Amino acid sequence: QCKSSWAGAGKILISDPFSRLYWLKSGSAHVEHHGRTFDLFPGSMYLIPANSQGRYWCEDRMDLYWVHFKARILGGLELFDFFRFPYEIKVPKEEGKGIGVQWKKMVEKLPSEEISDVAERDVIMRTFLLRFLKKVDFSAHDEKLKYLQRFAPALSYIEKNISREIMIGDLAASVNLQTNYFTN
């Protein structure tokens, strides 16, 4: 439950290294990020990508389900930095009650580290994110995907060897390129 003081009442510029997903049960709020102000109301799900600078405020009160998470792909790239996702998904009224039940279930299972509960939370979260994924035109990103896949071995090499000195030549070799072509 949030009151008008939520998140600094819009007076603080917030930027966190994790993404956020919001679902309002009741009330309303506002989130400003990426040059837009989003009015949050029950019936929609909201995505705020990691490292998004923004302001958050609630004029009166709201009941909010929220989760902070990381969505990383190949070598630790932020999924939401790489593709253009919608920040708001309207949920058909007939599905709203089911989503509320799923949020409640996820919250109830948070304290548990039982593998079945962890897996169930993961499935629920992925189901929520699937609503946003379905709105992305991945064909518009074919060129980006081609380059990402091409350099995935270099990103993986960096991730595996982050605690030691990494040489450009080793990165170039991981993707079968000469050093000068790799740096270009």
Side-chain angles (χ1 to χ4, degrees), residues 7-8 12-23 31-38 40 44-56 65-90 102-103 106 109-110 112-184:
I12 301 169
L13 190 61
I14 296 173
S15 179
D16 292 309
F18 45 78
S19 296
R20 303 164 187 257
L21 195 61
Y22 290 161
W23 172 259
V31 176
E32 176 188 286
H33 67 90
H34 291 90
R36 284 184 58 198
T37 299
F38 297 88
L40 282 56
S44 291
M45 205 173 295
Y46 302 92
L47 171 70
I48 298 109
N51 306 307
S52 296
Q53 289 192 350
R55 298 182 192 283
Y56 301 70
Y65 280 123
W66 55 270
V67 64
H68 295 168
F69 64 98
K70 298 222 178 205
R72 295 204 169 136
I73 58 174
L74 300 174
L77 297 174
E78 282 293 331
L79 176 66
F80 305 118
D81 287 345
F82 198 72
F83 299 107
R84 280 188 202 261
F85 283 81
Y87 300 129
E88 176 181 11
I89 297 288
K90 293 200 183 308
Q102 294 292 14
W103 274 102
M106 193 163 63
K109 295 187 177 284
L110 272 176
S112 174
E113 289 303 320
E114 292 285 327
I115 191 70
S116 60
D117 291 336
V118 170
E120 188 170 3
R121 287 192 316 253
D122 186 60
V123 167
I124 292 169
M125 185 65 193
R126 288 174 188 262
T127 302
F128 291 161
L129 291 176
L130 183 59
R131 291 177 177 276
F132 293 90
L133 286 166
K134 285 181 176 181
K135 301 291 183 182
V136 176
D137 179 9
F138 288 103
S139 66
H141 299 287
D142 284 346
E143 195 69 20
K144 281 184 178 179
L145 283 170
K146 183 177 89 177
Y147 288 113
L148 181 62
Q149 290 170 337
R150 172 75 170 106
F151 288 96
L155 296 170
S156 181
Y157 182 90
I158 292 168
E159 196 170 79
K160 289 177 187 168
N161 296 286
I162 196 70
S163 63
R164 60 188 198 114
E165 186 175 4
I166 297 172
M167 307 301 288
I168 295 290
D170 294 332
L171 293 174
S174 74
V175 293
N176 300 313
L177 285 176
Q178 294 177 358
T179 303
N180 62 325
Y181 289 116
F182 179 79
T183 57
N184 287 340

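What you see is a predicted model; the values in this text were computed from it and never measured.
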Residues two or more places apart in sequence or in another chain: which of them pass side chain to side chain donor-acceptor pair (under 3.5 Å) with Arg131?
-> Glu95
Of all heavy-atom pairs between [X] and [Y], which one has the smallest distance, and what is that distance?
X      : Y      : value
Arg121 : Leu110 : NH1-O, 3.5 Å
Phe69  : Arg20  : CE2-C, 3.8 Å
Arg55  : Leu13  : NH1-N, 3.5 Å

What orientation do Phe38 and Tyr87 show, parallel under 30°, tilted 30 to 60°, or perpendicular over 60°?
->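 Phe38 vs Tyr87 ring planes: perpendicular.
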Between [X] (side chain only) and [Y] (backbone N and O only), is there a donor and an acceptor less than 3.5 Å apart?
X      : Y      : value
Asp122 : Val118 : no
Ser174 : Leu171 : yes
Ser19  : Ala50  : yes
Ser112 : Lys109 : no

Step-by-step side chain to side chain contact (heavy atoms under 4.5 Å, CB included) determination, Val67 to Met125 | CA-CA 9 Å; Val67 64; Met125 185 65 193; 3.6 Å; yes
With sequence neighbours excluded, tell me which residues meet ring-ring contact (aromatic ring centres under 6.0 Å, His included) with Phe128.
-> Trp103
Answer yes or no: does atom NZ of Lys135 have more than 12 heavy-atom neighbours from other residues, nucleotides or ligands under 6.0 Å?
->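 Incorrect, the count does not exceed 12.
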The single option from Phe80, Tyr46, Phe132 that satisfies ring-ring contact (aromatic ring centres under 6.0 Å, His included) with Phe85 is Phe80
